[in-house]
J.: 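Mind having a look at this structure? Questions to follow.
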Amino acid sequence: MKIATWNVNSIRARADRVEAWLNKSDVDVLAIQETKAKDDNFPWEVFEFSGYEVAHFGLSQWNGVAIASRVGLEDVQRTFPEQPTFGKGNQEAVQEARAIAATCNGVRVWSLYVPNGRGLEDPHMPYKLTWLETLNRHAGEWLQEDPEAKIVLAGDWNVAPRDEDVWDMQFFLDNQMTHVSEPERAAFNAFLETGFVDVLRENNPGPGVYTYWDYTQLRFPKKEGMKIDFQLCSPALAAQVTGAVIDREERKGKGASDHAPVVIDIAL
DNA sequence: ATGCCGGCAGTATGCCGA
């Protein structure tokens, strides 16, 4: 069984590429982030024609997450319990479309789009940290309830957990950039302390192993990227994982997303 | 051994991304 996660940076702009990738990648489940669509302009036919069921959660042109599966799609859940809200200025705070779950062939799959943070002193940063802390608390409860649960927390984590996960740590420090700060890394590492396993790092260690490359500054051809997309697996699921790869071919060419798909193999 | 920012809303340009 293959499970993929991919921040597509607009499902409408990327519909042809997503369809082509589904048809060649042979994945059973695809967790998608940043669909940038509402249900009424989501390209359902892309998945139907390819033989996948799909569940989508999108509230506006921002965020948006989905799960496509050809091995069942049960108990779809939008948002996690107590998922923190965000509202800018006078706008009403809402639970954004950043988390959706479904059970696919016995695996509880979460497609997660962690808040960006925007800046070290931006109000979006405490939102990001609280969002991760709350998710981790509940994920820990899920493991307590069933230590044998097969759960994957897949998505765009917007955290580079180690210095080797960015092409030049000094550049990030000099520019006071997000994704590499201690609080962000602590919020990510807390999931590992809870018991989840970073199967991408285990199977695909760095340095120089990235999942995201900025569109600007020739970042991709210069191999200047970031490792920020992960699939964190519960212990029972991690024990069955036999591999994890980043499909950097998909980052090439005109019309690519700025993220590459991350695919894990499970002996199921 | 890849190519010099992209998508969306709404119709000019600001927001958002990381």
Side-chain angles (χ1 to χ4, degrees), chain A residues 5-18 32-43 46 56 58-66 86-91 93-94 96-98 112-129 131-132 155-185 187-188 208-230 246-260 262:
Chain A
T5 186
W6 189 11
N7 179 322
V8 298
N9 185 21
S10 169
I11 190 65
R12 286 173 283 171
R14 221 72 61 206
D16 290 346
R17 280 188 87 122
V18 170
I32 302 169
Q33 299 86 40
E34 276 210 271
T35 62
K36 293 186 172 179
K38 301 180 187 178
D39 278 353
D40 59 13
N41 53 18
F42 185 87
V46 163
H56 176 241
L59 299 172
S60 68
Q61 72 271 40
W62 307 120
N63 315 307
V65 284
F86 187 76
K88 195 174 183 180
N90 296 327
Q91 293 174 357
V94 297
E96 298 180 309
R98 295 179 177 275
L112 304 168
Y113 180 43
V114 175
N116 173 287
R118 295 182 185 167
L120 296 178
E121 304 301 326
D122 193 286
H124 213 253
M125 183 57 72
Y127 169 53
K128 176 180 193 173
L129 298 175
W131 201 95
L132 284 167
D156 176 358
W157 289 77
N158 272 325
V159 178
R162 298 186 186 177
D163 289 358
E164 68 179 25
D165 297 333
V166 296
W167 80 93
D168 182 355
M169 190 58 197
Q170 198 57 49
F171 177 88
F172 281 72
L173 293 174
D174 291 345
N175 292 282
Q176 299 179 40
M177 293 175 76
T178 58
H179 293 57
V180 297
S181 72
E182 284 310 311
E184 289 168 277
R185 288 177 168 177
F188 178 90
V209 176
Y210 307 128
T211 66
Y212 163 89
W213 300 260
D214 197 295
Y215 285 122
T216 69
Q217 306 293 129
L218 285 170
R219 292 293 184 215
F220 184 61
K222 289 159 94 172
K223 304 186 188 307
E224 296 176 342
M226 304 168 69
K227 191 190 233 182
I228 55 175
D229 301 87
F230 299 96
I246 301 163
D247 187 359
R248 66 182 299 284
E249 288 296 309
E250 185 53 42
R251 180 61 180 80
K252 296 178 181 177
K254 192 172 177 64
S257 169
D258 42 5
H259 295 254
V262 175

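All heavy atoms count here, side chains included; hydrogens, waters and symmetry mates do not. Source: prediction; values computed, not measured. Each chain gets a letter, A, B and so on, in the order its sequence line appears, and its residues count up from 1.
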J.: Under the side chain to side chain donor-acceptor pair (under 3.5 Å) test against A/Gln33, which residue among A/Asp156, A/Asn9, A/Thr5, A/Asn7 passes?
T.: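 It is A/Thr5; the other options fail the test.
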J.: I'd like the C1' distance from B/dC4 over to B/dA9, given in whole Å.
T.: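 It works out to 27 Å between them.
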J.: Which whole number of Å gives the distance between the P atom of B/dC5 and that of B/dA1?
T.: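 Straight-line distance between the two P atoms is 22 Å.
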J.: Between A/Lys36 and B/dG7, is there a contact of a side-chain N or O with OP1 or OP2 at under 4.0 Å?
T.: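 Checking B/dG7 against A/Lys36, no side-chain N or O comes under 4.0 Å of OP1 or OP2.
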J.: Assign A/Asp156 to base, sugar-phosphate, or nothing according to its heavy-atom contacts below 4.0 angstrom with the strands shown.
T.: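 Answer is sugar-phosphate: A/Asp156 comes under 4.0 Å of backbone atoms only.
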J.: Could you state the atom-to-atom distance from CZ of A/Phe188 to C1' of B/dA18 in whole Å?
T.: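 It works out to 16 Å between those atoms.
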J.: Which of the following nucleotides, B/dA18, B/dG17, B/dT2, is nearest to the side chain of A/Arg98?
T.: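 My answer, after comparing the listed nucleotides, is B/dG17.
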J.: Could you check whether A/Tyr113 gets within reach of a base, just the sugar-phosphate, or nothing at all, counting any heavy atom under 4.0 Å?
T.: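 Sugar-phosphate contact only.
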J.: Identify whether the distance between the nearest side-chain nitrogen and carboxylate oxygen of A/Arg185 and A/Asp163 falls below 4.0 Å.
T.: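 Here A/Arg185 pairs with A/Asp163 in a salt bridge, since their nearest N and O are under 4.0 Å apart.
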J.: Considering only side-chain heavy atoms of A/Asp214, which listed nucleotide, B/dG17, B/dT2, B/dA18, is closest?
T.: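 Of all the options, the side chain of A/Asp214 is nearest to B/dA18.
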J.: Between B/dG17, B/dC8, B/dC4, which nucleotide has the shortest distance from any of its atoms to the side chain of A/Leu218?
T.: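 My answer, after comparing the listed nucleotides, is B/dC4.
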J.: For the C1' atoms, the ones on B/dG14 and on B/dT2, what distance do you get once it is rounded to whole angstrom?
T.: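 31 Å, rounded to whole Å.
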J.: Between atom CZ of A/Phe86 and atom OH of A/Tyr127, what is the distance when rounded to the nearest 0.5 Å?
T.: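 One finds 7.5 Å between CZ of A/Phe86 and OH of A/Tyr127.
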J.: Between B/dG7, B/dA9, B/dA18, which nucleotide has the shortest distance from any of its atoms to the side chain of A/Arg12?
T.: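 From the listed options, B/dA9 comes nearest.
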J.: Tell me the interatomic distance from A/Tyr127, atom OH, to B/dA18, atom C1', rounded to whole angstroms.
T.: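 So the two atoms are 16 Å apart, to the nearest Å.
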J.: Report yes if a side-chain nitrogen or oxygen of A/Arg251 is closer than 4.0 Å to either non-bridging phosphate oxygen (OP1 or OP2) of B/dT2; otherwise report no.
T.: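 A/Arg251 to B/dT2 OP1/OP2: no side-chain N or O under 4.0 Å.
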J.: Hey, does A/Glu34 reach any base, or is it just sugar-phosphate, or nothing, if we go heavy atoms under 4.0 Å?
T.: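 Sugar-phosphate, no base atom in range.
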J.: Could you work out which one of B/dA18, B/dC16, B/dG7 sits closest to the side chain of A/Ala13?
T.: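 Closest nucleotide to the A/Ala13 side chain: B/dG7.
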J.: Identify which nucleotide among B/dA9, B/dT2, B/dA18 has an atom closest to any side-chain atom of A/Asn41, counting heavy atoms from C-beta outward.
T.: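 Of the options given, the side chain of A/Asn41 lies nearest B/dA9.
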J.: Within the structure shown, what part of the strands sits under 4.0 Å from A/Asn7 by heavy-atom distance: base, sugar-phosphate, or nothing?
T.: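 The residue A/Asn7 makes sugar-phosphate contact but no base contact.
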J.: Looking at A/Asn158, does any N or O in its side chain come under 4.0 Å of the phosphate oxygens OP1/OP2 on B/dA18?
T.: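 For B/dA18, OP1 or OP2 has a side-chain N or O of A/Asn158 closer than 4.0 Å.
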J.: To the nearest Å, give me how far apart CH2 (A/Trp167) and P (B/dA18) are.
T.: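 Atom-to-atom, A/Trp167 to B/dA18, this comes out as 13 Å.
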J.: Using only side-chain N and O atoms of A/His179, determine if any of them is under 4.0 Å from OP1 or OP2 of B/dG17.
T.: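 No, A/His179 has no side-chain N/O under 4.0 Å of OP1/OP2 on B/dG17.
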J.: Let me know the distance between CZ of A/Arg17 and P of B/dG6, rounded to the nearest Å.
T.: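 Rounding to the nearest Å, CZ of A/Arg17 and P of B/dG6 are 13 Å apart.
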J.: Assign A/Thr178 to base, sugar-phosphate, or nothing according to its heavy-atom contacts below 4.0 angstrom with the strands shown.
T.: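 A/Thr178: no heavy atom of the nucleic acid under 4.0 Å.
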J.: As an exercise, state the distance from CD of A/Gln176 to CG of A/Leu120, rounded to the nearest 0.5 Å.
T.: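 CG of A/Leu120 is found 6.5 Å from CD of A/Gln176.
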J.: In the strands shown, is B/dT13 matched to any nucleotide by a Watson-Crick or G-U wobble pair with both distances under 3.5 Å, and which?
T.: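 With both distances under 3.5 Å, B/dT13 matches B/dA9.
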J.: Nearest-Å distance, CE (A/Met177) to P (B/dC16)?
T.: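 These atoms are roughly 18 Å apart.
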J.: OG/A/Ser257 to CH2/A/Trp213 distance, rounded to the nearest 0.5 angstrom?
T.: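 Rounded to the nearest 0.5 Å, the OG-CH2 separation comes out at 10.0 Å.
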J.: Of A/Pro221 and A/Ser60, whose nearest nucleotide on DNA chain B comes first from the 5' end?
T.: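 Looking at the nearest nucleotide for each, A/Pro221 comes out on the 5' side.
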J.: Any chance you could measure A/Leu132, atom CG, to A/Phe188, atom CZ, to the nearest 0.5 Å?
T.: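 Between A/Leu132 CG and A/Phe188 CZ, I get 9.5 Å after rounding to 0.5 Å.
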J.: Looking at every strand, decide which applies to A/Gly253 at a 4.0 Å heavy-atom threshold: base, sugar-phosphate, or nothing.
T.: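 Touches sugar-phosphate only.
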J.: Between B/dA18 atom C1' and A/His124 atom NE2, what is the distance in whole Å?
T.: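 Going from NE2 in A/His124 over to C1' in B/dA18 covers 12 Å.
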J.: Does B/dC8 have OP1 or OP2 under 4.0 Å away from a side-chain N or O of A/Ser10?
T.: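 Yes, within the criterion.
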J.: Ignoring hydrogens and geometry, is there a side-chain-to-backbone donor-acceptor pair from A/Thr211 to A/Lys227 under 3.5 Å?
T.: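 No, because the side chain of A/Thr211 does not come within donor-acceptor range (under 3.5 Å) of the backbone of A/Lys227.
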J.: Check whether the ring centres of A/Phe172 and A/His179 lie less than 6.0 Å apart, and answer yes or no.
T.: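 Ring centres of A/His179 and A/Phe172 not closer than 6.0 Å.
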J.: Distance between the C1' atoms of B/dG10 and B/dC15, in whole angstroms?
T.: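 My reading of the C1' atoms in B/dG10 and B/dC15 gives 13 Å.
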J.: Measuring to OP1 and OP2 of B/dG3, would you say a side-chain N or O of A/Arg219 lies under 4.0 angstrom away?
T.: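 No, no such contact exists.
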J.: From CG of A/Asp258 over to P of B/dA18, roughly how many Å is that when rounded to an integer?
T.: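 The answer, rounded to whole Å, is 7 Å.
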J.: Without decimals, in angstroms, what is the distance between A/Phe220 CZ and B/dA18 P?
T.: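 Going from A/Phe220 (CZ) to B/dA18 (P), I get 17 Å.
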J.: Which part of the nucleic acid does A/Met226 contact within heavy-atom distance under 4.0 Å: base, sugar-phosphate only, or nothing?
T.: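 The residue A/Met226 makes sugar-phosphate contact but no base contact.
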J.: Quantified in whole Å, what is the C1' atom distance between nucleotide B/dG6 and nucleotide B/dA18?
T.: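 Straight-line distance between the two C1' atoms is 13 Å.
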J.: For B/dG7, take OP1 and OP2 only and decide whether either is under 4.0 Å from a side-chain N or O of A/Asn9.
T.: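 Answer is no, no contact under 4.0 Å.
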J.: Starting from the 5' end of DNA chain B, give me the residue, A/Lys254 or A/Arg14, whose nearest nucleotide shows up first.
T.: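 First, find each residue's nearest nucleotide; the 5'-ward one identifies A/Lys254.
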